[in-house]
**Student:** 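My questions will all concern the structure given below.
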Amino acid sequence: MAAQNDAKRDEGPEWRTDFIRQAVIEDNKTGRWGGKVITRFPPEPNGYLHIGHAKALWIDYGIAAEFGGEFHLRFDDTNPTVEEQEFIDAIAEDVRWLGCDFGSHLYFASDYFEKMHEYAVDLIQKGLAYVDDLSAEQVRQYRGSLTAPGKESPYRNRSREENLDLFERMRQGEFPDGSRVLRAKIDMAHPNMNLRDPVMYRILHAVHPHRGDTWCIYPMYDWAHGIEDSIEGVTHSLCDIDYENHRPLYDWFIDAINQGRAKPIHHPQQLEFARFNLTYTVMSKRRLRRMVEEKLVSGWDDPRLPTLRGLRRRGVTPTAIRDFLAQVGVSKYVGTIEVELLDHFLRAELNRTSPRVMGVLRPLKVVITNYPEGKSEMLEAVNNPEDAAAGTRQAPFSRELYIEQDDFLENPPKKFFRLSPGREVRLRYAYFITCQEVIKDAAGRVTELRCTYDPATRGGDAPDGRKVKATLHWVSARDGVDAEIRLYDRLFTKEAPEDLPEGQDFLANLNPKSLEVLTGCKVEPAAAAKTPGQRIQFERIGYFCLDPDSQPGRPVFNRTTTLKDTWAKIQQREEA
RNA sequence: UGGGGAAUAGUGUAACGGCAGCACAACUGACUCUGGAUCAGUUAGUCUAGGUUCGAAUCCUAGUUCCCCAGCCA
């Protein structure tokens with residue numbers, strides 16, 4: 001043992017990996033699957049993917065990719081009453097977007113219906129399955145409870161012939177929905193509820209998105225899932241920890257099928273890992289749907305939602321999500337991840353890749369009194385200080401400008417070093433200016449500043465070496481483009497919105513300020529020239545993504561995340 | 001009260017009988033034409049009680065707490 005550990009350490013830090021990868025490494029070493037690694041992501045097409053699904057996806061895809069294996073996208077379309085083509089398309093799109101390339105390995109559980117049916121008939125013939133006429137309500141009652149054993153259905157001991165006949169007639173459509181089911185004959189007193197004669201088929205006269213009306217009986221997930229994996233030769237069947245209880249049933253089904261079979265069908269190894277919660281959001285499909293249906297958000301792609309579509313619209317990148325998931329890791333503990341971790345990886349990437357532009361969210365007019373009227377000039381600005389290859393651009397400057405309202409305070413506190421009366425600051429890439437006069441309206445609100453500039457500081461440096469404590473972003477009044485800017489914040493005010501006092505609705509924790517729409521913002525021309533989906537940084541403000549709602553000449557930006565803001569932190573502390 | 005899982009800094013994760021490490025967060029400081037970025041540093045942890053052992057996060061026993069399971073959903 002000690003020698004083995006030493007050997008592992010010699011391989012370097014890579015051996016420190018999660019328990020699933022360790023199992024794969026071990027299987028490859030022992031030749032359990034002949035060196036093959038086949039994984040799959042098996043969504044049901046009845047909704048949109050969210051970041052929780054992305055974890056499973058990234059584990060499935062990542063492991064196949066790392067070990068030179070095969071990754072399948074397989075739709076678990078066994079319940080036509082809730083599944084739709086729209087979701088199939090959306091899910092496939094999101095999977096690709098995340099970077100999980102399934103190549104030609106796109107499959108549908110419904111393509112295996114014939115095979116599953118054949119296996120079901122086989123089980124009936126072996127006396128391991130039976131048709132039950134009990135109603136759904138009766139089935140439930142007969143199942144017993146967590147602590148009390150169930151009791152056997154009076155139909156449990158029908159003859160093979162009768163079972164075969166009834167199952168065939170179920171398939172032929174002779175019986176109405178809900179009138180009969182096919183059940184596995186296991187043990188009504190089993191301590192694991194899943195093994196108390198689980199339902200294998202139910203009657204559903206419904207049109208299937210892929211199979212039309214070919215079928216009117218549909219397999220239950222537990223019956224179908226293991227067979228799907230078996231047919232595809234999945235070696236490592238990775239899933240949520242919730243299915244740990246079901247593994248004995250999947251094993252039972254495969255063993256039952258293999259009983260007396262000359263060539264046994266493939267028996268995948270299921271391994272379970274934990275899903276996670278994210279702070280300040282909810283992940284359950286039911287709750288997400290409710291917010292969409294009650295129009296508390298704009299749709300499944302609302303940038304505040306943890307759906308992949310929402311994150312994408314917000315400007316979150318696939319790389320950031322992947323880096324985040326890699327850091328989250330794989331374990332069997334259902335933890336709560338702080339959303340700040342996602343933000344961290346998001347900023348790390350966006351800082352590297354986003355072109356900088358200047359945009360003023362809440363404009364305050366500034367007139368440079370000693371700058372010639374009618375004059376304008378172009379000033380060179382760096383596109384991305386983190387990436388020299390991004391080059392420079394020309395930003396127009398003129399006598400009348402806008403700066404951020406937050407960047408001026410008439411009576412500044414000690415730690416505020418932006419503009420105030422008599423103080424000199426730098427306009428980024430432009431000039432030093434000094435505030436000479438404050439103009440107010442009748443209500444006493446500051447409406448305009450009169451400043452002077454120092455022509456010798458053109459470009460932003462003083463030849464005499466004097467320093468200023470602040471650099472402000474600005475937009476030329478003449479050249480700036482009007483924009484709408486949507487400031488998104490966390491959707492809920494509580495870290496765990498679902499953690500509620502008795503009888504309270506999670507919507508009570510909705511953040512009323514999760515979206516603030518700003519109009520009349522001013523952005524420099526370079527920002528307006530972007531196309532929807534493109535990401536930028538408004539200097540000193542944050543990262544933004546151009547929204548599809550944008551119109552020519554009237555861009556709409558979504559705030560992806562803010563820049564770290566030390567001043568905001570100081571302010572908060574002073575207030576507290 | 002049946003069965004199945006899980007507990008390591010604030011959060012997540014590593015250490016597989018031999019120095020409890022990493023990331024985020026928080027806090028200091030340096031630097032800065034983004035109060036950004038960057039850099040340096042600080043704080044902080046093995047659920048509890050016994051046992052085995054030269055040595056325990058790791059093995060054993062008992063307990064505590066949390067999660068999942070009673071759809072003809074997946």
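Only this structure's heavy atoms are used, side chains among them; waters, hydrogens and symmetry mates stay out.
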**Student:** By the 4.0 Å heavy-atom rule, please label A/L134 as base, sugar-phosphate, or nothing.
**Tutor:**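 It contacts base atoms.
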**Student:** Going by distance alone, is a donor N or O of one side chain under 3.5 Å from an acceptor N or O of the other, for A/R40 and A/S237?
**Tutor:** yes
**Student:** Are A/Y107 and A/F75 close enough that their ring centers fall under 6.0 Å?
**Tutor:** no
**Student:** Quick one: which of B/C24, B/G12, B/C73 gets closest to the side chain of A/E44?
**Tutor:** B/C73
**Student:** Looking at the rings of A/Y243 and A/Y221, which for Trp means the six-membered one, are their centres under 6.0 Å apart?
**Tutor:**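 Aromatic pair counts; centres sit under 6.0 Å.
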**Student:** Rounded to whole angstroms, how far apart are CZ on A/R21 and P on B/C16?
**Tutor:** 19 Å
**Student:** Base, sugar-phosphate alone, or nothing: which one does A/G460 contact when heavy atoms must sit under 4.0 Å apart?
**Tutor:**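 If one applies the 4.0 Å heavy-atom cut-off, A/G460 turns out to touch a base.
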**Student:** Roughly, in whole Å, what's the span from CZ in A/F19 to P in B/G5?
**Tutor:**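 Checked: the CZ to P distance equals 12 Å.
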**Student:** When Watson-Crick pairs (N1 to N3 and N6-O4 or O6-N4) and G-U wobble pairs (N1-O2 and O6-N3) count only below 3.5 Å on both distances, what is the dot-bracket string of RNA chain B, with | for other-strand pairs?
**Tutor:** .((((((..((((....[..)))).(((((.......)))))....(((((..]....))))))))))).....
**Student:** Regarding A/R428 and the six-membered ring of A/W474, is the cationic atom NZ or CZ under 6.0 Å from the ring centre and inside 45° of its axis?
**Tutor:** no
**Student:** Quick one: which of B/U13, B/A74, B/G2 gets closest to the side chain of A/T147?
**Tutor:** B/G2
**Student:** Using atom P in both nucleotides, what's the gap between B/A56 and B/U64 to the nearest angstrom?
**Tutor:** 26 Å
**Student:** Starting at atom CG of A/L341, determine the distance to atom P of B/C22, rounded to an integer number of angstrom.
**Tutor:**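 It is 17 Å, rounded to the nearest whole Å.
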**Student:** Whole angstroms only, please: what is the CG-P distance between A/L325 and B/U13?
**Tutor:** 13 Å
**Student:** Which residue in the set A/D18, A/L238, A/I241 passes side chain to side chain contact (heavy atoms under 4.5 Å, CB included) when paired with A/F273?
**Tutor:** A/L238
**Student:** Could you list the protein-to-nucleotides 63-69 of chain B atom pairs, N/O on both sides, closer than 3.5 Å?
**Tutor:**
from  : atom 1 : to     : atom 2 : distance (Å)
B/C68 : O2     : A/N245 : ND2    : 3.3

**Student:** Could you check which of B/C16, B/C73, B/A23 has an atom nearest any side-chain atom of A/Q22?
**Tutor:** B/C16
**Student:** If the P atom of B/C54 is compared with that of B/A14, how far apart are they to the nearest Å?
**Tutor:** 31 Å
**Student:** Return yes if some donor-acceptor pair links the side-chain N/O of A/R169 with the main-chain N/O of A/E174 below 3.5 Å, else return no.
**Tutor:** no
**Student:** Is the A/Y333-A/F276 ring centre distance short of 6.0 angstrom?
**Tutor:** no
**Student:** Carefully, step by step, assess A/W567 and A/F416 under the rule ring-ring contact (aromatic ring centres under 6.0 Å, His included).
**Tutor:** CA-CA 8 Å; A/W567 168 240; A/F416 181 90; 5.5 Å; yes
**Student:** Checking one value: the base orientation of B/G51, syn if chi is within 90 degrees of 0, otherwise anti.
**Tutor:** anti
**Student:** Between B/A74, B/G35, B/U34, spot the one nearest the side chain of A/E539, thanks.
**Tutor:** B/U34
**Student:** Does A/R356 use its side chain to pair, donor to acceptor, with the backbone of A/N384 at less than 3.5 Å?
**Tutor:**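 Such a contact is absent between A/R356 side chain and A/N384 backbone.
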**Student:** Report yes if some heavy atom in the side chain of A/F175 is under 4.5 Å from a heavy atom in the side chain of A/H205; otherwise report no.
**Tutor:** no
**Student:** Compare side-chain N and O positions of A/T336 against OP1 and OP2 of B/U11 and report whether any pair is under 4.0 Å apart.
**Tutor:** no
**Student:** Write down the distance between CD1 (A/I91) and P (B/A74), rounded to a whole number of angstrom.
**Tutor:** 14 Å
**Student:** Roughly how many Å is it from OH in A/Y218 to C1' in B/A74, rounded to a whole number?
**Tutor:** 16 Å
**Student:** If you assign A/E137 and A/R418 each to the RNA chain B nucleotide with the nearest heavy atom, which residue ends up on the more 5' nucleotide?
**Tutor:**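 With A/E137 and A/R418 compared, the 5'-side residue is A/R418.
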**Student:** Write down the distance separating the P atoms in B/A15 and B/C69, rounded off to the nearest Å.
**Tutor:**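 After rounding to an integer number of Å, I get 29 Å for this pair.
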**Student:** What integer number of Å spans the P atoms of B/U1 and B/U65?
**Tutor:** 10 Å
**Student:** Just call it for A/K569: base, sugar-phosphate, or nothing, with non-hydrogen atoms closer than 4.0 Å on any strand.
**Tutor:**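 The answer is sugar-phosphate, as A/K569 gets under 4.0 Å only of primed atoms, P, OP1 or OP2.
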**Student:** Identify whether any heavy atom of A/V199 sits under 4.0 Å from a base atom; if not, whether one sits that close to sugar-phosphate; answer base, sugar-phosphate or nothing.
**Tutor:** sugar-phosphate
**Student:** Taking atom types as modelled, find out whether A/T279 and A/E338 have a side-chain donor-acceptor pair closer than 3.5 angstrom.
**Tutor:**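 No.
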**Student:** Could you give the distance separating B/A40 and B/U8 at their C1' atoms, to the nearest angstrom?
**Tutor:** 28 Å
**Student:** When the P atoms of B/U11 and B/C67 are compared, how many Å lie between them, rounded to an integer?
**Tutor:**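 Taking atom P in both B/C67 and B/U11, they lie 16 Å apart.
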**Student:** So what does A/F75 hit on the nucleic acid, given a heavy-atom distance under 4.0 Å: a base, only sugar-phosphate, or nothing?
**Tutor:**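 Counting heavy atoms under 4.0 Å across all strands, no contact is made by A/F75.
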**Student:** In whole Å, what separates the C1' atom of B/U32 from that of B/A37?
**Tutor:**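 Those two atoms are separated by 9 Å.
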**Student:** What is the nucleic acid contact for A/T78, judged by heavy atoms within less than 4.0 Å: base, sugar-phosphate only, or nothing?
**Tutor:**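 Since only primed, P, OP1 and OP2 atoms lie under 4.0 Å of A/T78, the category is sugar-phosphate.
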**Student:** Taking for each residue the nucleotide of RNA chain B with the nearest heavy atom, is it A/R247 or A/S331 whose nucleotide lies nearer the 5' end?
**Tutor:** A/R247
**Student:** So, A/W223 versus A/F253, ring centres under 6.0 angstrom or not?
**Tutor:** yes
**Student:** Compare the minimum distances between each of B/C72, B/C24, B/U13 and the side chain of A/E338, then state the nucleotide with the smallest one.
**Tutor:**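 Nearest to the side chain of A/E338 among the choices is B/C24.
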**Student:** Determine, for nucleotides 36-41 of chain B in 5'-to-3' order, which nucleotides have protein heavy atoms under 4.0 Å from the base (write B), from only the sugar-phosphate (write S), or from neither (write -).
**Tutor:** BS----
**Student:** Considering the options A/I536, A/V357, A/L350, A/V523, which one meets the side chain to side chain contact (heavy atoms under 4.5 Å, CB included) requirement together with A/F544?
**Tutor:**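 For A/F544, the side chain to side chain contact (heavy atoms under 4.5 Å, CB included) check succeeds only for A/I536.
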**Student:** To the nearest Å, how far apart are A/D197 CG and B/C72 P?
**Tutor:**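 It is 12 Å, rounded to the nearest whole Å.
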**Student:** Give one of base, sugar-phosphate or nothing for A/F417, where a contact means two heavy atoms less than 4.0 Å apart.
**Tutor:**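 The residue A/F417 makes base contact.
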**Student:** Using a cut-off of 4.0 Å on non-hydrogen atoms, how would the nucleic acid contact of A/V468 be classed: base, sugar-phosphate, or nothing?
**Tutor:**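 Counting heavy atoms under 4.0 Å across all strands, no contact is made by A/V468.
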**Student:** Where does the angle between the aromatic ring planes of A/H208 and A/Y218 fall among parallel (under 30°), tilted (30 to 60°) and perpendicular (over 60°)?
**Tutor:**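 Rings of A/H208 and A/Y218: parallel, as their planes differ by under 30°.
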**Student:** Could you give the distance separating B/A6 and B/C60 at their P atoms, to the nearest angstrom?
**Tutor:**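 Going atom to atom, P in each nucleotide, I get 13 Å.
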**Student:** Answer yes if the ring centres of A/H53 and A/Y48 are under 6.0 angstrom apart, and no otherwise.
**Tutor:** no
**Student:** Base, sugar-phosphate alone, or nothing: which one does A/D222 contact when heavy atoms must sit under 4.0 Å apart?
**Tutor:**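 If one applies the 4.0 Å heavy-atom cut-off, A/D222 turns out to touch nothing in the nucleic acid.
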**Student:** Rounded to whole Å, how long is the line connecting atom CD1 of A/I337 with atom C1' of B/C24?
**Tutor:** 10 Å
**Student:** Any idea which of B/G35, B/G12, B/G71 is nearest the A/R140 side chain?
**Tutor:**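 Looking only at side-chain atoms, A/R140 lies closest to B/G71.
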**Student:** OP1 or OP2 of B/C72 versus the side-chain N and O atoms of A/R143: is any pair under 4.0 Å?
**Tutor:**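 Answer is yes, contact under 4.0 Å.
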**Student:** Can you tell me which nucleotide in B/G12, B/C24, B/G5 comes closest to the side chain of A/K332?
**Tutor:**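 Of B/G12, B/C24, B/G5, B/G5 is nearest to the side chain of A/K332.
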**Student:** Assign A/I570 to base, sugar-phosphate, or nothing according to its heavy-atom contacts below 4.0 angstrom with the strands shown.
**Tutor:**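 The answer is base, as A/I570 lies within the cut-off (heavy atoms under 4.0 Å) of a base atom.
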**Student:** Consider salt bridge (Lys or Arg N to Asp or Glu O under 4.0 Å). Of A/R183, A/K151, A/R156, which one does A/D197 pass it with?
**Tutor:**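 Result for salt bridge (Lys or Arg N to Asp or Glu O under 4.0 Å) with A/D197: A/R156.
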